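Heavy atoms only: backbone and side chains are in, while hydrogens, waters and symmetry mates are out. Numbering of ligands and ligand atoms starts at 1, following listing order. Everything numeric in this text was worked out from a predicted model, so none of it was measured.
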Amino acid sequence: MTSQNETPISVTRTQRPGPRPDDATLAFGKVFTDHMFLMDYEEGKGWHDPRVVPYEPLVMDPATSVLHYGQAVFDGLKAFRGKDGQIRLFRAQRHAERLNKSCRALCIPEMDVDLIRRSFEAIVAADHEWVPRTRGTSLYIRPTVIARDVMLGVHPAHRYTYFVICSPVGAYYKEGVKPVRILATDTHVRAVQGGLGEAKTAANYAASLSAQQEAERAGYTQVLWLDGVERKYIDEVGTMNIMMQIGEEVITPPLAGTILDGVTRNSILQLLRDWGHTVSERRVSIDEVMQAGRDGTLREMWGTGTAAVVSPVGELGYKGEKISIGNGHTGILTQKLYDSIVGIQYGEAADPHGWTSVVKAPVTA
Ligand SMILES: *Cc1c(COP(=O)(O)O)cnc(C)c1O
């Protein structure tokens, strides 16, 4: 079989470009660009007809399978405009590979990885003027695959649509990196071994909502998820991976079946190892963390994800006890990690691991 790398992507430009919002007014995922990427799958025909078209609603029969049984996966990555005017994608190849991994977990036929990566480049090139200019802002790219069978039988679908939409997003931290308060829950679980925790799928997000709502009602920002069997070991925080520094050791839970393999997690572990830190991917119990909090060895704790890069944890609640981390201030290592990743993303710092790729588009300062 030949690689689809050379498959042409057709481009149909909109006749009615929309107004582009002011960088200062940007939030997260509220405004969408002029175009979208589409590709279809049909059994027997495979993935076909990759194209950039004007952004428009997807018209669906109410019996479309994704609406009933949630056979849907997505990913999320960003394009950044540097001071040099160049637009860079951060780790596009790894995001493309992960989208395919999520597809496999939900019985969705895989796509050509090169074609996925080219779909990101094609949509960003088509909407390059939508990549905002202010440092801290970016163009969020949301690739998604949905099942399109029109019938109510439960089975992997025979038809799918892959689409990519883009949204200019504001700086996550408008007034500097800010710590959050998180609540460990032992009443809800996010994922179990053998389940969907390793896939970026709509179902995991639906499963997280009620615990998130409870945490918010109790005055917290995010849920700290514990493992589904013993409700003892830390899994993730909200929809981010979790890391902490206890003494000299940086710890993050291992990729052992329930945790999403975050691109930010991977990048941060690489930087820490480059810098000579002791990094452990090991199970860490909530009791160990609470004890480290009490005896003062829990130095820093942070979540990692594309939206925020890092999200420092200033307070952790569990079974009625609260521990404060770093007096509610962003830790030195957390801040250094944030600055380093962001520097690479905007093309200001060296990129020794080749994480960024420049999108071929007119350079506008
Ligand atoms: C997307 C996601 C992350 C973070 O992954 P990044 O690739 O770093 O954005 C972590 N956990 C969950 C559950 C996620 O869905």
E97 pairs by side-chain hydrogen bond (donor to acceptor under 3.5 Å, both in side chains) with which of H95, K101, Q93?
Q93

Can you say whether the rings of F80 and Y346 are parallel (under 30°), tilted (30 to 60°) or perpendicular (over 60°)?
perpendicular

May I ask you to check whether F37 and Y162 place their ring centers less than 6.0 Å from one another?
yes

E288: which of R294, R282, K232 passes salt bridge (charged side-chain N to carboxylate O under 4.0 Å, His left out):
R282

Could you tell me which residues satisfy salt bridge (charged side-chain N to carboxylate O under 4.0 Å, His left out) with R231, sequence neighbours excluded, listed by chain and number?
none

Under a 3.5 Å threshold, I'd like every N/O contact between ligand 1 and protein atoms, with atom names and distance.
{"from": "ligand 1", "atom 1": "7 (O)", "to": "R98", "atom 2": "NH1", "distance (Å)": "2.7"}
{"from": "ligand 1", "atom 1": "7 (O)", "to": "R98", "atom 2": "NH2", "distance (Å)": "3.1"}
{"from": "ligand 1", "atom 1": "7 (O)", "to": "V263", "atom 2": "N", "distance (Å)": "2.8"}
{"from": "ligand 1", "atom 1": "8 (O)", "to": "V263", "atom 2": "N", "distance (Å)": "3.3"}
{"from": "ligand 1", "atom 1": "8 (O)", "to": "T264", "atom 2": "N", "distance (Å)": "2.9"}
{"from": "ligand 1", "atom 1": "8 (O)", "to": "T264", "atom 2": "OG1", "distance (Å)": "2.6"}
{"from": "ligand 1", "atom 1": "9 (O)", "to": "T306", "atom 2": "N", "distance (Å)": "2.9"}
{"from": "ligand 1", "atom 1": "9 (O)", "to": "T306", "atom 2": "OG1", "distance (Å)": "2.6"}
{"from": "ligand 1", "atom 1": "11 (N)", "to": "E236", "atom 2": "OE1", "distance (Å)": "2.5"}
{"from": "ligand 1", "atom 1": "11 (N)", "to": "T239", "atom 2": "O", "distance (Å)": "3.4"}
{"from": "ligand 1", "atom 1": "15 (O)", "to": "K200", "atom 2": "NZ", "distance (Å)": "2.7"}
{"from": "ligand 1", "atom 1": "15 (O)", "to": "Y205", "atom 2": "OH", "distance (Å)": "2.5"}

Is R181 positioned over the aromatic face of Y220, cation under 6.0 angstrom from the ring centre and no more than 45 degrees off axis?
yes

